[in-house]
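Start at 1 with the first residue, then count along the sequence.
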Amino acid sequence: MRIMRLTLVLLQSQCWLCVFLSVCVPAVVGSLPHALPWHVSCPVRCVCQIKPWFSPDSAYHEAPTVDCNDLLLTKLPLPIPLNTHTLRLQSNLLSELDTAVLHGLPNLTDLDLSQNRFSHVKRITQSSSLPSLLCLHLEENHLSHLPEASFSSLPALQELFLSHNNLRSIAPGAFTGLDFLLRLHINNNRLTTIDPQWFRALPCLEVLMLGGNPVEALPERGFLALKSLRSLVLGGMGLRGLAEKALEGLDGLESLSFYDNLLTKVPTQALRRVPGLKFLDLNKNRIKLIETGDFRDMVHLKELGLNNMEELVSIEKAALENLPELTKLEITNNPRLSYIHPEAFLQLSRLESLMLNSNSLSALHQSIMLSLPSLREVSLHSNPLRCDCLFHWAAVEASHPHTEKETDTQTARMVRFIQPQATLCSEPPELRARRVREVPSREMSASCLPMIPTSSLPSYVGVKEGSKLVLHCRALADPQPKLYWVTPSGLKLGPVLNHTSKGSPAPCLKTSKGLNHTSTFSISPSQVHDGTSCNTSKFYRLLPEGTLEIKKVTSSEAGLYTCVAENALGADTRTVTVGVHSREKKRKRGMAANLNGFPLFRGNVRFEVREVGEHYAILSWQSGRNLPSTRLSWQALYSNAHTPTYTTRVLAGTQSFNLTHLQAETFYRVCLHLGISEGAKPASRRSRESKKPQCVSFRTKDVTESQPSLQLSPELTSTAVTLLLLAIILLLLAGQVWDTDLGEGAGKLQSTLLQEIKSPKALIINQTTKRSNKHQPKQNEKLLLVQDC
Ligand SMILES: *[C@@H]1O[C@H](CO)[C@@H](O)[C@H](O)[C@H]1NC(C)=O
Ligand SMILES: *[C@@H]1O[C@H](CO)[C@@H](O)[C@H](O)[C@H]1NC(C)=O
Ligand SMILES: *[C@@H]1O[C@H](CO)[C@@H](O)[C@H](O)[C@H]1NC(C)=O
Ligand SMILES: *[C@@H]1O[C@H](CO)[C@@H](O)[C@H](O)[C@H]1NC(C)=O
Ligand SMILES: *[C@@H]1O[C@H](CO)[C@@H](O)[C@H](O)[C@H]1NC(C)=O
Ligand SMILES: *[C@@H]1O[C@H](CO)[C@@H](O)[C@H](O)[C@H]1NC(C)=O
């Protein structure tokens with residue numbers, strides 16, 4: 001079972017090599033002649049035929065072949081015809097060979113001893129020289145060690161199979177004498193280190209299969225001797241990283257596979273040392289981000305595979321840049337991959353095939369399509385696609401005449417979809433299950449709200465005390481959203497660091513030296529409260545794409561972190577609970593330890609009115625906590641009257657709010673409801689929201705006489721009847737008793753009436769606003785027109 005699995009792994013990684021690998025076994029290719037009869041006295045139960053055969057350097061032979069596979073043999077069958085070219089003894093019970101018999105076969109070229117019981121290689125190669133042997137199969141035997149000069153009696157050998165044995169050690173000179181070896185298969189053994197001395201004897205080696213050995217690190221310059229190597233397979237080894245000089249000297253290397261390792265980053269520095277690379281396989285690693293410059297200037301790269309990565313969340317800006325030969329890019333089956341930056345791919349002038357199926361992508365930005373002039377096909381099926389503003393490039397032809405930009409999208413539309421039947425919309429609800437290619441452009445909105453994919457940001461993250469916390473937040477939308485974070489202490493980080501900006505909650509930001517691609521700053525959480533001294537003990541690092549990093553987490557960093565993605569249309573927020581697992585209390589679950597008794601408020605929240613105008617009021621508060629589900633409610637106060645209460649949700653990290661569209665000369669009562677419920681896992685229901693909202697009252701200013709807010713018709717002001725009528729309408733509409741002094745003039749009354757009618761609609765988040773943008777995702781986290789100072 002295990003072997004089966006390993007073989008599968010190997011097969012998968014070998015697939016990348018098929019291009020120039022022909023395996024040293026009798027080829028059974030359709031167009032070639034099949035086996036011919038070979039009239040010779042054949043050993044009992046064996047089959048003797050003339051069969052087509054290719055040498056490792058691809059020369060064709062009609063090879064006299066003796067086939068004794070699967071016969072439970074414990075010794076060589078006799079007689080073996082003298083001119084035997086290929087002798088197949090696969091899957092028997094051999095542990096020893098009568099080497100004298102083989103010695104008597106002057107033309108023996110291919111000897112297959114795989115799946116037998118050999119435990120000492122010398123039993124095969126000792127004492128007899130096989131000068132014409134080109135291929136030796138010893139895979140799936142019981143070899144555990146290769147002594148010095150193991151194969152010196154096989155001077156012509158071109159291909160040696162030693163895979164799936166138990167090799168734990170190989171003597172430095174084990175391969176001495178194999179001057180013409182082209183391919184060496186030592187994958188799937190138990191080697192823990194790679195000894196550069198092995199390769200000194202192999203100046204002609206072109207293909208080296210090393211995968212499936214538990215090697216955690218490659219030595220620096222380990223392959224320096226392999227000047228002719230074209231293909232290197234390092235799959236399934238447990239590599240966690242790659243030394244900068246690990247691949248040095250592989251000047252001829254064209255194909256490289258790191259399939260199924262533990263790499264957490266693209267080994268960019270090491271890859272720079274193999275400029276001739278054409279095929280690169282990084283599938284099934286633990287890479288989280290494909291970062292800016294990870295694949296840059298690899299001028300011969302033709303195919304790149306970034307598939308099956310459980311942890312990959314994002315392809316960043318300029319991740320692939322200047323790869324002039326790249327024709328095929330595969331980024332598939334990455335369950336958390338939800339974001340590809342609109343400018344992720346730069347100068348990929350030959351890219352024809354872009355495989356992005358089976359990820360968590362919500363869209364493929366039009367900029368990506370427009371940046372790939374040679375693109376012919378794209379695969380997007382099995383993604384949670386959002387068929388709104390971002391998919392115009394793929395939509396059915398619009399009936400309008402083309403503009404310049406439309407011609408570009410026209411080109412994008414020519415791109416063939418692979419499996420168009422399975423490329424379906426999953427958002428917005430009214431387009432769900434429609435085929436992306438069949439949704440007309442007019443059914444898509446022109447712009448859309450940001451959406452933070454759940455796959456990139458889980459609702460709970462546990463970290464060990466002292467380790468690094470990394471939270472990735474990404475959002476696609478049109479216009480491009482800005483992202484910022486709110487820490488548990490209510491500190492707002494980002495989006496743009498501006499030291500001088502008014503009311504900045506982080507007065508003590510320090511951009512660190514030498515990190516131009518990142519905004520790095522240090523700030524003490526305590527500073528939010530006292531706001532004076534600058535404690536640099538803490539490091540928050542906000543990367544430009546929206547990743548928040550905190551080094552050396554302590555238990556005081558536990559709590560709620562909220563990411564906000566905001567564009568002109570509105571915002572999306574997502575809150576993640578961070579639990580810090582202390583080192584001592586291993587048994588206790590970190591979250592329980594840290595969030596029980598999670599103090600919602602420290603002291604009193606100061607909620608106050610900062611400024612009042614005729615039609616607005618600016619409110620501010622300080623909580624010292626991240627309270628992602630904070631709401632404001634307000635109500636006009638008239639004596640003897642019930643007026644409607646309006647509420648709005650406030651974006652996380654916001655500490656002040658401009659309440660607009662108020663009536664002049666009116667009393668208002670505004671309440672602040674602080675809560676943490678959204679997205680978080682509060683310890684108890686009680687802590688979901690504060691018990692008592694904080695409220696303030698104020699009166700809006702009088703209308704100044706000079707302000708010509710309304711053009712009054714003379715008839716209106718002069719006619720007492722009209723005035724009376726208006727008052728009645730007012731009473732009917734609002735259902736309120738007005739104790740306003742009617743003598744003050746009709747103009748003001750009318751103005752009040754107008755304000756009342758069109759009043760706070762814009763501020764209310766509910767169906768009213770949703771109707772205005774019908775493709776907006778149905779999430780109550782979307783906030784509209786929320787201001788932030
Ligand atoms: C070995 O091969 C050569 C050339 O292919 C041939 O001339 C010779 O007869 C063969 N030897 C035997 C013993 O069959
Ligand atoms: C910071 O903000 C000020 C005004 O608010 C602006 O003039 C300045 O360009 C901004 N600086 C940066 C680096 O964005
Ligand atoms: C960072 O950018 C500044 C100019 O913006 C430049 O002078 C400096 O060399 C850059 N530093 C690094 C490490 O790239
Ligand atoms: C900075 O914070 C650390 C703990 O976070 C504290 O021990 C230290 O006294 C603080 N320093 C200042 C100058 O506030
Ligand atoms: C608050 O809103 C009002 C009305 O829109 C506006 O006139 C005022 O300048 C705003 N104040 C601030 C500080 O943004
Ligand atoms: C939207 O507002 C109306 C009244 O204006 C109210 O009845 C309704 O419950 C509100 N909907 C939501 C989701 O708040």
Closest contact, heavy atoms only, P56 versus C135: CG-SG, 3.9 Å
Can you check whether P275's main-chain N or O pairs, donor with acceptor, with H300's side chain at less than 3.5 Å? yes
L372 side, atom CG; L348 side, atom CG - distance, nearest 0.5 Å: 6.0 Å
Which heavy atom in C48 sits nearest to a heavy atom in W38, and how many Å separate them? CB-CE3, 3.6 Å
So, S379 versus N357: side-chain donor-acceptor pair below 3.5 Å or not? yes
Taking the side chain as every heavy atom from C-beta outward, state whether D195 and I170 have any atom pair closer than 4.5 Å. no
Salt bridge check: are E244 and R273 linked by an N-O gap of less than 4.0 Å? yes
Do L133 and L111 touch side chain to side chain, with heavy atoms closer than 4.5 Å? yes
Should the pair F161 and H185 be assigned to parallel (<30°), tilted (30 to 60°) or perpendicular (>60°) ring geometry? parallel
Main-chain N/O of L143 paired to N141 side chain as donor or acceptor, under 3.5 Å: no
In this structure, are over 12 heavy atoms from other groups packed under 6.0 Å from H145 atom NE2? yes
Return yes if some donor-acceptor pair links the side-chain N/O of D260 with the main-chain N/O of G236 below 3.5 Å, else return no. no
Hey, does L218 have a side-chain heavy atom less than 4.5 Å from the side chain of F223? yes
Using 0.5 Å steps for rounding, measure from the SG atom of C46 to the CD1 atom of I80. 7.5 Å
Give the minimum heavy-atom separation between I331 and N359, together with the two atoms involved. O-ND2, 2.7 Å
Going by distance alone, is a donor N or O of one side chain under 3.5 Å from an acceptor N or O of the other, for S91 and D70? yes
Output yes when a side-chain donor or acceptor of T84 lies under 3.5 Å from a complementary backbone atom of T86, and no otherwise. no
Distance col, row Y339:OH vs S360:OG, nearest 0.5 angstrom, shows 15.5 Å
Do you know which two heavy atoms are closest between P172 and E148, and how far apart they sit? CD-OE2, 3.4 Å
Would you call the rings of W198 and F175 parallel, tilted or perpendicular, taking 30° and 60° as the class edges? perpendicular
List the steps and the verdict of side-chain hydrogen bond (donor to acceptor under 3.5 Å, both in side chains) for N307 and T332. CA-CA 5 Å; N307 307 300; T332 68; 2.8 Å; yes
Have N188 and S163 got a donor and an acceptor in their side chains that come within less than 3.5 Å? no
Can we say R350 and E325 salt-bridge, meaning some charged N sits less than 4.0 Å from an Asp/Glu carboxylate O? yes
Could you grab the distance from atom NE2 of H61 to atom OG1 of T109, nearest 0.5 Å is fine? 7.0 Å
Look only at the side chain of H472 and the backbone of V313, and say whether a donor-acceptor pair between them is shorter than 3.5 Å. no
E310 atom CD: more than 12 heavy-atom contacts under 6.0 Å: no
What's the shortest heavy-atom distance between S150 and V121, and which atoms? OG-CG1, 3.7 Å
Evaluation steps, side chain to side chain contact (heavy atoms under 4.5 Å, CB included), between L87 and L108: CA-CA 7 Å; L87 176 55; L108 186 64; 3.8 Å; yes
For the backbone of N261 and the side chain of N285, can you confirm whether one donor and one acceptor N or O come within less than 3.5 Å of each other? yes
Kindly indicate whether the side chain of L256, heavy atoms from C-beta on, has any atom under 4.5 Å from the side chain of F279. no
Distance-only side-chain donor-acceptor flag, R183 / Q158, under 3.5 Å: no
Donor-acceptor contact below 3.5 Å, side chain D281 vs main chain S257: no
Quick one: does I124's side chain get under 4.5 Å of F151's, heavy atoms only? no
Check whether N334 reaches the backbone of R336 with its side chain - one donor and one acceptor, N or O, closer than 3.5 Å. no
So, D112 side chain and R88 main chain: donor-acceptor pair closer than 3.5 Å or not? no
Judged by atom type as modelled, is there a donor-acceptor pair below 3.5 Å linking the side chain of N189 to the main-chain atoms of L162? yes
Any side-chain donor-acceptor pair under 3.5 Å between T65 and D67? no
Residues, nucleotides or ligands: over 12 heavy atoms within 6.0 Å of R286 CZ: no
If the threshold is 4.0 Å, N to carboxylate O, is there a salt bridge linking E303 and K328? no
Would you say K265 has more than 12 foreign heavy atoms packed within less than 6.0 Å of its NZ? no
Beyond-backbone contact of L97 with F118, side-chain heavy atoms, under 4.5 angstrom: yes
Between the CG atom in L205 and the CG atom in L178, the distance rounded to the nearest 0.5 Å is 9.5 Å
Starting at CG of L138, measure out to CG of N116 and round the result to the nearest 0.5 Å. 9.0 Å
Would you call the rings of H85 and W53 parallel, tilted or perpendicular, taking 30° and 60° as the class edges? perpendicular
Just do the side chain to side chain contact (heavy atoms under 4.5 Å, CB included) check on L78 and V101 with the steps written out, would you? CA-CA 9 Å; L78 294 172; V101 174; 3.9 Å; yes
Please examine the side chains of V266 and L271, heavy atoms only from C-beta on, and report whether any two atoms are closer than 4.5 Å. yes
Take I340 and L356 through the side chain to side chain contact (heavy atoms under 4.5 Å, CB included) test and state the conclusion after the steps. CA-CA 10 Å; I340 300 182; L356 296 171; 3.8 Å; yes
Heavy-atom closest pair, residues V66 and P81: CG2-CD, 3.8 Å
List the steps, then state whether side chain to side chain contact (heavy atoms under 4.5 Å, CB included) holds for E248 with E220. CA-CA 8 Å; E248 187 138 304; E220 290 215 348; over 6 Å; no
Contact check, side chains of I194 and L210, non-hydrogen atoms, under 4.5 Å: yes
